[in-house]
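A short write-up of the structure that comes next.
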Number of protein chains: 2
Amino acid sequence: MARTAAPGSRERILDTAAGLFYRYGVRAVGMKQVIDAAGCGKNLLYTHFPSKNDLVAAYLRECRRERARSAAAAAGEVPGDDPAAQLLALVGEIVTTVGRPEFRGCAFRIYLTEFPDDQSEPARLARDYLRDSRAEIDRLVARLGVTDPGQLADRVWLIVEGLYASAARSESAGAADAATQLVRDLLAGARER
Amino acid sequence: MARTAAPGSRERILDTAAGLFYRYGVRAVGMKQVIDAAGCGKNLLYTHFPSKNDLVAAYLRECRRERARSAAAAAGEVPGDDPAAQLLALVGEIVTTVGRPEFRGCAFRIYLTEFPDDQSEPARLARDYLRDSRAEIDRLVARLGVTDPGQLADRVWLIVEGLYASAARSESAGAADAATQLVRDLLAGARER
DNA sequence: GTCTATAATGGGATAGAC
DNA sequence: GTCTATCCCATTATAGAC
């Protein structure tokens, strides 16, 4: 239970910081910039987040929550229990995400690129997210009942990585279509056996 | 003693800087770190490279030269003039590159992630490289004579992006096989029509 | 009592001067 | 090469406003 009087201050600071971190990069954004943008005093920020690392960790945890919410919503719209349909929905959700105008790349992948050898909490959060994302694909592919699920999962994962990377810089249109169709073809090819 | 700098000094400094920039990131490496690692004086470095931006630009130009050398060697081993074989060789060369133990990602993509809104010379060099790489794929795909070359090029490019991204963090083995086989399938499918 | 504003700390950055 | 100037960083401490 937070003993802060203003209930929204933590969220407001975190939202501001998250927007800046995502837009300009964690390393490029200083605490002063966050403070100025949030319109708060230095002490307030440091009482809520004792260090920049804590603020960054909260940012990545917020990203994770958002990703989980979006993925759950997309998975919830798939009728029945077809793993192929769920894989398509998973890729479709990423296609939607990378198509948003504010999309600049996957926050976790960006963080790990910015801090390659990092072992702190943010790096752990980023790696956890990527591991879990990959595991989710493995889980769905395993339920397809194909002869070589590991190989198929590798390919789907490669396409997901390509989609995130491609959309992060160039226009996402071509990448989105390519990813969608490639996964569709993979699933169709797997079903034939 | 030589009043002109020792002939190898510029290269030695650049090699040292390149290794550090690539390994730890451009932002994370300071000029003092480069000077200490190169074992040179500050004046010598600043004589050859008047600013960090100049040093970074030289680093990326060196990366470009290395990539061109490696790509030309791979293309030279393809007998005849078959664009499909050249595309496979292109992907194969990247597979070899990302499989090297020191591989940590594509230097140009890493730079643009570190400096997203940058308009300086290094950013221009990075974007030029990516544009030219994409154009090379477009050029080869166009020579295949398929009905929708733009679509096929989008897919090959997505796989290349996925290969670089995937290999930058996780083990490259699965990604390499996945990319090779996906491109092979794409080219086989295109030939059937 | 909760916040803001500001100063000060200590470190490291690029870069120039000698 | 060393020494210095200037700036920005994260963080802490102080002092005052509502």
Quiz item: Could you walk me through whether B:Glu66 and B:Arg69 pass the salt bridge (charged side-chain N to carboxylate O under 4.0 Å, His left out) check?
Solution: CA-CA 5 Å; B:Glu66 234 172 81; B:Arg69 213 178 309 137; 5.3 Å; no
Exercise. Tell me, with the steps shown, if A:Arg143 and A:Asp82 meet salt bridge (charged side-chain N to carboxylate O under 4.0 Å, His left out).
Key: CA-CA 9 Å; A:Arg143 288 180 50 212; A:Asp82 182 17; over 6 Å; no
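Checked for salt-bridge contact, A:Asp15 and A:Arg12 miss the test: no charged N lies under 4.0 Å from a carboxylate O. Ion pairing between B:Asp128 and B:Arg64 fails under the 4.0 Å rule for side-chain N and carboxylate O.
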Please tabulate, one pair per line, each protein N/O and nucleotide N/O from nucleotides 6-12 of chain D that are separated by under 3.5 Å, including the distance.
| unit_1 | atom_1 | unit_2 | atom_2 | d |
| --- | --- | --- | --- | --- |
| D:dA10 | OP1 | A:Lys52 | NZ | 3.0 |
| D:dA10 | OP2 | A:Met31 | N | 2.7 |
| D:dT11 | OP2 | A:Tyr46 | OH | 3.4 |
| D:dT11 | OP2 | A:Lys52 | N | 2.7 |
| D:dT11 | O4 | A:Lys42 | NZ | 2.6 |

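At the heavy-atom level, B:Gly39 lies nowhere under 4.0 Å from the strands shown.
In this structure, CZ of B:Phe49 is placed 15 Å from P of C:dG16, rounded to the nearest angstrom.
More than 12 heavy atoms of other residues, nucleotides or ligands sit less than 6.0 Å from atom CD of B:Gln33.
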